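Let me give you the structure first, and then I'll get to my questions.
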Amino acid sequence: MLDSAALDSLLERLLPQMGIGLTAYRWPLIVKQGKNDEGKKITYLLNYSSECQPFLIERDGTELLSQKNCIAGEALLLQSWGSAILCTE
């Protein structure tokens with residue numbers, strides 16, 4: 001049986017070959033991305049933990065649940081069991 005590090009290494013090599021992208025984030029922070037009807041990038045963040053989790057903002061945009069502006073390079077701190085939805089160009 002593979003340990004966690006070996007499995008991660010294997011998946012990091014195989015998934016891109018199958019056209020499946022990987023993020024730098026792992027459980028308990030779940031990151032899903034897509035585009036809306038206007039072509040803007042939407043990033044869904046889900047914190048499945050009782051501890052706060054940081055997320056590094058990659059592009060300027062808006063956090064839709066709070067309507068706060070987000071600046072690239074800043075960290076967004078997701079509260080325990082929290083979520084956020086980012087909209088960027």
Side-chain angles (χ1 to χ4, degrees):
M1 181 176 220
L2 294 175
D3 64 16
S4 180
L7 182 58
D8 281 348
S9 177
L10 180 65
L11 291 174
E12 286 173 0
R13 286 191 312 242
L14 293 178
L15 291 178
Q17 293 175 10
M18 299 179 342
I20 300 171
L22 294 172
T23 70
Y25 297 96
R26 301 280 189 259
W27 187 89
L29 181 59
I30 304 301
V31 179
K32 301 288 183 183
Q33 297 179 332
K35 290 197 176 199
N36 66 9
D37 292 339
E38 298 171 356
K40 294 182 179 180
K41 182 177 178 182
I42 305 294
T43 303
Y44 303 90
L45 306 170
L46 305 166
N47 179 10
Y48 285 98
S49 170
S50 60
E51 298 178 12
C52 294
Q53 299 292 323
F55 176 80
L56 182 64
I57 297 172
E58 297 172 358
R59 294 196 233 164
D60 292 349
T62 304
E63 196 290 309
L64 298 177
L65 300 176
S66 66
Q67 292 298 307
K68 292 183 180 177
N69 289 332
C70 298
I71 299 172
E74 290 185 350
L76 174 66
L77 190 61
L78 271 77
Q79 298 301 314
S80 62
W81 308 106
S83 61
I85 303 172
L86 302 176
C87 178
T88 57
E89 294 294 325

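Quantities reported herein were computed from a predicted structural model and do not represent experimental measurements.
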For E89, does the CD atom sit with more than 12 other heavy atoms under 6.0 Å from it, leaving out its own atoms?
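It does not: E89 CD has 12 such atoms or fewer within range.
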
Cluster question for you: counting only ILVMFWY and a side-chain heavy-atom cut-off of under 4.5 Å, with indirect links fine, are V31 and W27 together?
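No.
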
Give the minimum heavy-atom separation between W81 and Y48, together with the two atoms involved.
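In this case the closest contact between W81 and Y48 is CZ3-C, 3.4 Å.
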
With hydrophobic residues grouped by side-chain heavy-atom distances under 4.5 Å, do L56 and L77 end up in a single group?
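They do not share one cluster, since no chain of ILVMFWY contacts under 4.5 Å joins L56 to L77.
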
Measure the CG-CD1 distance between L64 and I42 for me, rounded to the nearest 0.5 Å.
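Reported to 0.5 Å precision, the distance equals 5.5 Å.
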
Shortest non-hydrogen contact from A84 to L76?
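The answer is CB-CD2, 3.9 Å.
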
Can you name the closest pair of heavy atoms from E58 and A72 and give their distance?
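For E58 and A72, the tightest heavy-atom pair comes out as O-CB, 3.5 Å.
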
How many angstroms lie between CG in N69 and CD in E74, if you round to the nearest 0.5 Å?
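Those atoms lie 10.0 Å apart.
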
Separation between CG of L65 and CG of L45, rounded to the nearest 0.5 Å
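Answer for the CG-CG pair, L65 versus L45, is 9.5 Å.
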
Looking only at heavy atoms, which two atoms of N36 and C87 are closest? And how far apart?
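What the structure gives for the nearest pair is ND2-SG, 4.5 Å.
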
Atom pair CG (L86) and OH (Y44), whose distance is rounded to the nearest 0.5 Å:
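Those atoms lie 10.5 Å apart.
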
Distance from I57 atom CD1 to R59 atom CZ, nearest 0.5 Å?
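So the gap between those two atoms works out to 12.5 Å.
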
For I85, is there any backbone N or O sitting under 3.5 Å from a side-chain donor or acceptor partner on E63?
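A pair under 3.5 Å: yes.
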
Where is the tightest heavy-atom contact between P28 and Q53, given as atom of each residue plus distance?
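Looks like CG-NE2, 3.7 Å.
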
Mind checking the CD-CG spacing from E51 to L29? Nearest 0.5 Å is all I need.
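Between atom CD of E51 and atom CG of L29 there are 12.5 Å.
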
